[in-house]
Amino acid sequence: MNRLSEIINFNAGETVASYCSRLAAACGYRHARSFGADLGFRFQGLAVGCNDDIDKFGSVVGVPTSFLTPGIISSDKRFSLVAGQLLSRASMQRQRLRFCPYCVLGDECQKGGRRGFRSFGRVDWLVKSIRCCEDHRVQLMTCDKDPPPVFIHDFAANLAQLGDVRRMLSDVEFMKPDSLQRYVKERLRGKQTEAAWLDSLPLYVAVRLCETVGTAERHGTHFHTSNINEHEWSACAGAGYDLLRGGEQDFRDYLRRQVRCFYGKLSDMGGRSIFGRLYERLAHETDDKAFDPIRQIMRDVALDSLPLGPGDEFFGPVSERRLHSVQSASIEFGVHPKRLQKLLVNAGLVPTEDKARTSERILLDADAMAKFAVEAKMSLDVPDAKSHLGAGRIQFEILVKHGYIETHGGDRAGAEIAVDRRFSPSDLDGFLNRLRSAVTQVDHHGLSDIRDVMTRAGCTFVEVIELVFGGTLATVAWSADQIGIAALRLDSDEIKSRTVGEAHGCHSLRQVEKLIPASSSIVRALVEGGQLPSVKRRNPIKRNMQTVIEPHSLEAFMRDYLSLGNLATSRRTRTWNLKRDLENAGIMPIFVAAETPFYRRSDVDRL
């Protein structure tokens with residue numbers, strides 16, 4: 001050290017430019033630039049961290065360069081390296097004097113060196129994100145005007161231009177340090193912070209990201225900086241840091257919240273509409289590659305949350321698609337968006353509560369949407385589907401009703417929205433393939449088509465299909481001259497033997513007519529009147545439910561009762577003569593069925 005270094009002390013946290021400025025003022029120089037010119041170095045070189053000028057200044061002062069290193073700020077046109085941390089030009093205030101008036105006054109009382117020149121410029125005061133003095137809890141003051149070029153970076157000369165600093169104390173605004181400021185100071189001092197992910201970013205990138213995110217949280221994504229003062233900036237910066245300090249996942253969660261919020265609005269889709277000022281800054285206001293990790297995360301979230309695909313732009317051309325909207329799928333696959341949306345809701349692929357959303361806001365995994373949209377485009381309407389199957393109208397509806405073929409959305413059971421029924425060709429082909437797989441022989445001569453089989457065997461269409469699908473039929477053929485179901489050839493006798501029901505052993509009403517004997521009207525009257533008990537049994541041939549008489553019921557009826565006509569026939573007499581004789585003998589009818597009197601046999605046997 002030499003006499004110069006003994007005049008003024010170099011303080012911890014002071015910039016080299018401030019130290020030189022104070023030495024120049026203490027030696028009677030009007031500004032530091034002339035002081036440097038006289039001693040063989042450039043003051044501007046000290047301010048921007050020029051190694052040659054710093055080395056010369058160190059030799060003039062009589063100290064090694066390492067002694068001055070903590071106060072060196074290396075700058076170029078865009079960036080400054082401060083304590084090993086990279087800060088952009090916009091994140092620093094180097095043109096105008098920025099200071100804490102309490103610190104300036106306190107330096108004169110507490111620091112060493114020549115009086116009147118003890119106040120020094122801190123490195124922290126040059127960093128805009130450090131907005132207040134933590135020792136005095138006041139907002140740092142900034143001069144209103146830029147100094148003349150000769151006084152730029154000249155702390156002592158600019159401070160002298162202000163006059164008595166005590167006059168400024170009345171204008172001081174109290175301010176608490178925000179969490180981002182504490183984080184910035186920890187990084188400038190080389191300390192390990194709690195925000196490992198933010199530490200991986202250049203300091204100016206981390207600061208800008210926290211401030212932008214915090215302001216968007218407090219003022220909306222499309223905020224205007226002109227409406228925000230320093231106190232609010234501090235609140236926004238702290239809010240952003242608190243939101244992001246947990247790491248990259250917290251940033252992704254923030255972006256996803258913005259996407260969810262966007263889907264609740266009616267604004268147009270796009271990066272600016274969703275992410276606001278954050279997207280604008282990274283997409284249009286800077287091409288700095290240091291922000292690329294942020295852009296990549298935003299792009300990744302966008303691809304996971306938005307229907308972006310080839311042809312779209314989001315921080316560059318999009319080459320992959322992860323999501324499809326109804327709108328984008330309708331354009332790509334040529335399906336009307338309203339029909340596609342209805343089909344998706346009916347298929348359960350889109351929640352019912354989303355059906356009111358516009359088509360560009362209804363999203364689905366790209367692969368699932370592509371598969372569904374292609375099927376929707378290729379699907380057939382009812383007439384084409386019937387032709388494809390070779391089925392008649394009734395047969396087709398039976399197949400749908402019993403689930404052998406399914407509608408591709410539409411009026412099936414549980415459908416949320418009415419839409420014309422469509423059918424997937426692959427589903428229809430699958431049904432036909434099941435039929436073909438049951439074929440047992442090539443020759444179909446002597447066999448019947450399904451309509452004839454149903455008539456001859458007295459069975460239903462569903463019964464025939466179930467037998468074919470069951471794989472137990474011995475005789476199944478396929479006619480190449482026909483299409484679909486019409487090509488199926490079966491043995492009607494085999495089908496009849498498989499579908500005939502178990503005999504119920506009861507008498508049909510027609511048989512009862514012959515056994516009593518009685519006319520059909522009389523038998524019906526006896527059944528309806530309850531004199532001849534009846535039951536319902538399934539016909540073993542036609543398998544329809546029919547009214548029959550059990551043998552023991554018929555035997556009991558015939559044992560107990562006798563009609564006037566049957567009695568007259570057995571007596572070989574006329575009914576009116578017999579009726580007169582019975583009345584004369586005091587024997588009256590027990591009941592009358594279809595105007596025919598019936599008597600109890602025991603009464604007649606007395607006559």
* Asked: With a 4.5 Å limit on heavy-atom distance, are the side chains of Leu323 and Leu303 in contact?
  -> no

* Asked: Any idea which heavy atoms bring Val326 and Met369 closest together, and the distance?
  -> N-CE, 3.9 Å

* Over all heavy atoms of both residues, which pair between Leu363 and Pro307 is shortest? Give the atoms and the distance, please. => CD2-CD, 3.7 Å

* To do: Might you confirm whether atom NE2 of His224 has over 12 heavy atoms from other residues, nucleotides or ligands at distances under 6.0 Å?
  => no

* To do: If the plane angle is over 60° it's perpendicular, under 30° parallel, otherwise tilted; pick one for Phe315 and Tyr279.
  => tilted

* **By ring pair (Phe, Tyr, Trp, His ring centres under 6.0 Å) - contacts of Trp197 (at least two apart)** => Phe251

* Asked: Using the benzene-type ring in the case of Trp, are the ring centres of Phe372 and His324 under 6.0 Å apart?
  -> no

* What pairs with His402 under side chain to side chain contact (heavy atoms under 4.5 Å, CB included), at least two apart in sequence or on another chain? -> Ile398, Tyr404, Val462

* Could you go through the side chain to side chain donor-acceptor pair (under 3.5 Å) check for Asp429 and His388 one step at a time? => CA-CA 8 Å; Asp429 289 338; His388 191 87; 2.6 Å; yes

* Asked: Between Phe591 and Tyr599, does the ring centroid distance fall short of 6.0 Å?
  -> no

* Asked: Is there a side-chain contact between Phe557 and Gln531, using heavy atoms and a 4.5 Å cut-off?
  -> yes

* To do: Please examine the side chains of Val400 and Phe423, heavy atoms only from C-beta on, and report whether any two atoms are closer than 4.5 Å.
  => yes

* To do: Would you tell me whether Gln296 and Asp292 have side-chain atoms, one donor and one acceptor, within less than 3.5 Å of each other?
  => no

* Asked: In this structure, which one of Lys536, Gln511, Glu550, Gln546 forms a side chain to side chain contact (heavy atoms under 4.5 Å, CB included) with Cys506?
  -> Glu550

* Asked: More than 12 non-hydrogen atoms from neighbouring residues, nucleotides or ligands closer than 6.0 Å to CD on Glu595, yes or no?
  -> no

* Determine whether more than 12 heavy atoms belonging to other residues, nucleotides or ligands lie under 6.0 Å from atom CG of Leu515. => yes

May I have the list of side-chain donor-acceptor pairs in residues 484-491 shorter than 3.5 Å, sequence neighbours left out?
unit_1	atom_1	unit_2	atom_2	d
Arg489	NH1	Ala486	O	2.7
Asp491	OD1	Asp493	N	3.0

* Taking the side chain as C-beta and beyond, is there a heavy-atom pair between Ser424 and Met378 under 4.5 Å? -> no

* Within 6.0 angstrom of Arg256 CZ, more than 12 heavy atoms from elsewhere -> yes

* Does the side chain of Val335 come within less than 4.5 Å of Arg339's, by heavy atoms? -> yes

* For Thr221 and Ile274, which heavy atoms make the closest approach, and how far apart are they? -> CG2-O, 4.0 Å

* Asked: Do Thr460 and Glu463 have side-chain N/O donor and acceptor atoms under 3.5 Å apart?
  -> yes

* Which heavy atom in Ala568 sits nearest to a heavy atom in Thr575, and how many Å separate them? -> CB-CG2, 3.7 Å

